[in-house]
There are 2 protein chains.
Amino acid sequence: MAYESALRCLADPTRRRVFERLREGPRAVGELAAGLPVSRPAVSQHLKALKDAGLVLDRAEGARRVYFIDPDGLGELRRWLDRFWDQALVAFKHEAETHPPRRRPARGTPSPERKKP
Amino acid sequence: MAYESALRCLADPTRRRVFERLREGPRAVGELAAGLPVSRPAVSQHLKALKDAGLVLDRAEGARRVYFIDPDGLGELRRWLDRFWDQALVAFKHEAETHPPRRRPARGTPSPERKKP
DNA sequence: CACTTTCGTAAGCCATGACTTACGGTAAGT
DNA sequence: ACTTACCGTAAGTCATGGCTTACGAAAGTG
């Protein structure tokens, strides 16, 4: 049930940038905010969201607050995606066998419209 | 670069329910809408978003429109998450070695606050 | 004890987007 | 040809949430 909040968190571009910077290692709030186009309080709020979702942990280091990735939340999301992946593959294989596409459209190619306005 | 739109899509609860029902197999728009608390046009709009994100494909079947999961979009998201997972594990391991936590707080346990208002 | 640094929270603003109803267009049935 | 079923799009409404500035608390520095 936590993969839902994880997805919600990682959907926001700014929050994703914060999270991705934490891949490199633990960072304080100010450090993270310095490399982003938003204010420090904004980063603080994003970190709170990430923490509530179980994606990060924090540790006090003097007056500073150091955040780092919690593998637990990420792992849960990963497991959900893996189960999904398996089922989706089976369903798609059956689809391909029963309804072979004439030609597979390239990604980003607009689908044939019914009519031009 | 497509994993971003995939994340955006899967963040919405309704859209996730639509997508999860497609795990079982191809479904028409009306069928999907029947099991949801929203209108059929709403489902149609969600399906458009999923299609733009490369998460689903569709096929015309008479007057009906049958949607099914496209493994490509899901695979891209999965690969992104896997790379992330690896790097995060390394960073966390280093964190645990250099800053051993006294005790690991259980998930959902509120962290110690600085002060009560 | 002042003064600075670092941070979290509150309050308010505002764009995004999820939903609705209304409408038009295509396919199948009679 | 008329009617019904199924669907996508347009337009408008409204709540969500991401951002800002302002403020107060805790830790380090002189």
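Just so we're clear, the structure is a prediction, and the values are computed from it rather than from any experiment. All chains are named by letter (A, B, ...) in the order of the sequence lines, taking the proteins before the strands, and each is independently numbered beginning at 1.
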Of Pro41(A) and Gly62(A), the one whose closest DNA chain D nucleotide lies more 5' | Pro41(A)
Write down the distance between CZ (Arg17(B)) and C1' (dC19(C)), rounded to a whole number of angstrom.
-> 15 Å
Spacing of Arg65(B) atom CZ relative to dC7(D) atom P, expressed in whole Å | 10 Å
Atom-to-atom span, CG of Leu50(A) to P of dG18(D) - whole angstrom | 11 Å
Spacing of OG1 belonging to Thr14(B) relative to NE2 belonging to His46(B), to within rounding of 0.5 Å = 4.5 Å
Out of dT9(C), dG8(D), dT20(C), whichever nucleotide has its closest atom nearest the side chain of Ser44(A) = dT9(C)
Starting at atom CZ of Arg59(B), determine the distance to atom P of dC6(D), rounded to an integer number of angstrom.
-> 17 Å
Would you kindly check whether a donor in the side chain of Arg15(A) faces an acceptor in the base of dG17(D), or vice versa, at under 3.5 angstrom?
-> no
Arg64(B) CZ to dG29(C) C1': how many Å, rounded?
-> 16 Å
Whole-Å distance, Arg16(B) CZ to dA18(C) P, equals 12 Å
Is any side-chain N or O of Tyr67(B) closer than 4.0 Å to OP1 or OP2 of dG8(D)?
-> yes
Polar side-chain contact Glu61(A)-dT6(C) base: donor and acceptor under 3.5 Å | no
In whole angstroms, how far is the P atom of dT9(D) from the NZ atom of Lys51(B)?
-> 9 Å
Would you say the base of dT20(D) and the side-chain of Gln45(A) have a donor-acceptor pair closer than 3.5 Å?
-> yes
Verify salt bridge (Lys or Arg N to Asp or Glu O under 4.0 Å) between Arg59(B) and Glu61(B), making sure each step is shown before the conclusion.
-> CA-CA 6 Å; Arg59(B) 129 176 69 95; Glu61(B) 188 169 285; 2.7 Å; yes
Once you round it to whole Å, what is the distance between P of dA18(C) and CG of Leu47(B)?
-> 13 Å
When hydrophobic residues are tied together by side-chain contacts of less than 4.5 Å, even through go-betweens, does Val18(A) share a cluster with Val38(A)?
-> yes
Under 4.0 angstrom, heavy atoms only, what part of the nucleic acid is Ala60(B) near: base, sugar-phosphate, or nothing?
-> nothing
Worked verdict on Arg78(A) versus Glu76(A) for salt bridge (Lys or Arg N to Asp or Glu O under 4.0 Å) = CA-CA 5 Å; Arg78(A) 196 162 165 270; Glu76(A) 189 157 355; over 6 Å; no
May I ask you to evaluate whether Ser39(A) reaches the phosphate of dC19(D), defined as a side-chain N or O under 4.0 Å from OP1 or OP2?
-> no
Report the C-alpha distance between His99(B) and Val66(A) in whole Å, list the side-chain angles of each, state the deciding distance to 0.1 Å, and finish with yes or no for side-chain contact (heavy atoms from CB on, under 4.5 Å).
-> CA-CA 11 Å; His99(B) 295 273; Val66(A) 176; over 6 Å; no
Look at the side chain of Val29(A) and decide which nucleotide, out of dC7(D), dC7(C), dT20(C), has an atom nearest to it.
-> dC7(C)
State plainly whether the residues Glu31(B) and Arg21(B) are in salt-bridge range, i.e. N to O under 4.0 Å.
-> no
So, is Arg8(B) close to the dG17(C) phosphate, meaning a side-chain N or O under 4.0 Å from OP1 or OP2?
-> yes
5′-ward residue of the pair Asp12(A)/Arg40(A) relative to DNA chain D = Asp12(A)
So, is Thr14(B) near the phosphate of dC19(C), with a side-chain N or O under 4.0 Å from OP1 or OP2?
-> yes
Does His46(B) put a side-chain nitrogen or oxygen below 4.0 Å from OP1 or OP2 of dC19(C)?
-> yes
